[in-house]
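Note sheet for the following structure.
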Amino acid sequence: MSATRSKVRSPDAGTLLDWYDRHRRRLPWRAGPGQKPNPYRVWLSEIMLQQTTVAAVGPYFLRFVEQWPTVEALAAAPQDDVLRDWAGLGYYARARNLHACAKTVAEDLGGRFPDTEEGLRALPGIGAYTAGAIAAIAFDQQAAAVDGNVERVVARLFAIDTPMPAAKTEIRARTADLVPADRPGDFAQAVMDLGATICTPKRPVCALCPWNEECLAHAGGIAESLPVKAPKKDRPLRRGAAFWAERGNGSVLIVKRPPKGLLGGMDGVWLTPLKQDIDPSDAREHAPFKARWNRIAGEVEHVFTHFRLQLTVFTATDVTSFALPDTRWVTKTDLPDVGLPTVMRKAAAHALRALHGPKAEKLVALRRRSKAPN
DNA sequence: TAGCCGTGGCA
DNA sequence: TTGCCAAGGCT
């Protein structure tokens, strides 16, 4: 297409790469300019970043690479250790798949990640986006990495107003056409940086965009309205209960959840079945054992992806010790070392506050989050 | 293919 | 307070 005949130029990778060289974000998992990327670190960061903000991932990434500097080290770790350190990041199937993937790479692939999209795509936890991202970023393959940022940038660039997710096919094809043979890894990261800092979902800063002259949505004044998304489904409210048990010596009951499903494999307090809506007055039927369960005032609120949860907390103290499947008794001293998902921390904090006062909440304090690295 | 699967920050 | 949404994958 001739630039003189078209009203709007067609976007080219060089324009974006020039912008990237000046404005790239410096992130803990990124190789610096001229540095060779480490596939293990690229993979780890990409898994952590799935549906998760850069700011949230930062401390987790640093902790993981410090504790497990190589894929072999991660593969050799017990899965429970990996889940414990993942606690709080959410989407816990990612942690289970991460560990399974590490074992496959370490034990079956000689410690080397595949360098093609196809090879990567076959590993657990690696889908179309992540395979493309690792192939491009870690191995400089001419691969497209289409995430939410890229979908937004490309939908606007070509004014694609087909609603998501139907537009994915066209967006993927358009993106693939843009990927350059030279510096495909930087290109992938450049589009994501553009989406994260300039071509934002709301109030995009088109004036600063290196592609603003090529952008059909900008030309039409419709950038902020793209991509078109289907309306969200509302999240029903579900009620449940948590049971906090303490023995005479002060140790507390911790439950390991089933290996799959919601919070699969994670430690926590004893809960009523979360697939049901349970009236608090009926909740004692689901207690782990007979005891004088005391209902605490107030509720714990938590929002999951597809429902809102309102937990009533019950406590029992001076419980006589006995064995239950998938449970253990944890001393107060060891409690801070248990990796609790956020909803479990909330329930535990509520119980500890009621029984022992505000200071006791620190035993299950939410991990302090460092400031966003960008 | 659409539902399941977390969490925190921000407007 | 509520909704949106962030480097998605699995079934």
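Labels below follow one simple rule: chain letters A, B, ... track the order of the sequence lines, proteins then strands, and each chain is numbered from 1.
The side chain of A/Lys233 places an N or O atom within less than 4.0 Å of a non-bridging phosphate oxygen (OP1 or OP2) of B/dG3. For A/Thr342, a side-chain nitrogen or oxygen approaches OP1 or OP2 of B/dG8 to under 4.0 Å. When the side-chain nitrogen and oxygen atoms of A/Gln50 are compared with OP1 and OP2 of C/dG8, none of them lie within a distance under 4.0 Å. A close approach under 4.0 Å does occur between a side-chain nitrogen or oxygen of A/Tyr92 and OP1 or OP2 of B/dT7. For B/dC5, the OP1/OP2 oxygens have a side-chain nitrogen or oxygen of A/His306 closer than 4.0 Å.
A perpendicular orientation is assigned to the rings of A/His302 and A/Phe304, their planes being inclined by more than 60° (bins at 30° and 60°).
Between A/Arg183 and A/Asp140, no side-chain nitrogen of the basic residue sits less than 4.0 Å from a carboxylate oxygen of the acidic one, so the salt-bridge criterion is not met. In this structure, A/Lys103 pairs ionically with A/Glu107, as a charged nitrogen and a carboxylate oxygen lie closer than 4.0 Å.
Straight-line distance from the CD1 atom of A/Ile47 to the C1' atom of C/dG8: 9 Å, rounded to whole Å.
Residue A/Pro165 is the one, among A/Pro165 and A/Tyr91, whose nearest nucleotide of DNA chain B lies closer to the 5' end (criterion: closest heavy atom).
Remark: the A/Thr130 side chain and the C/dG8 base include no donor-acceptor N/O pair separated by less than 3.5 Å. With hydrogens and angles ignored, a donor-acceptor pair under 3.5 angstrom links the side chain of A/Thr52 to the base of B/dG6.
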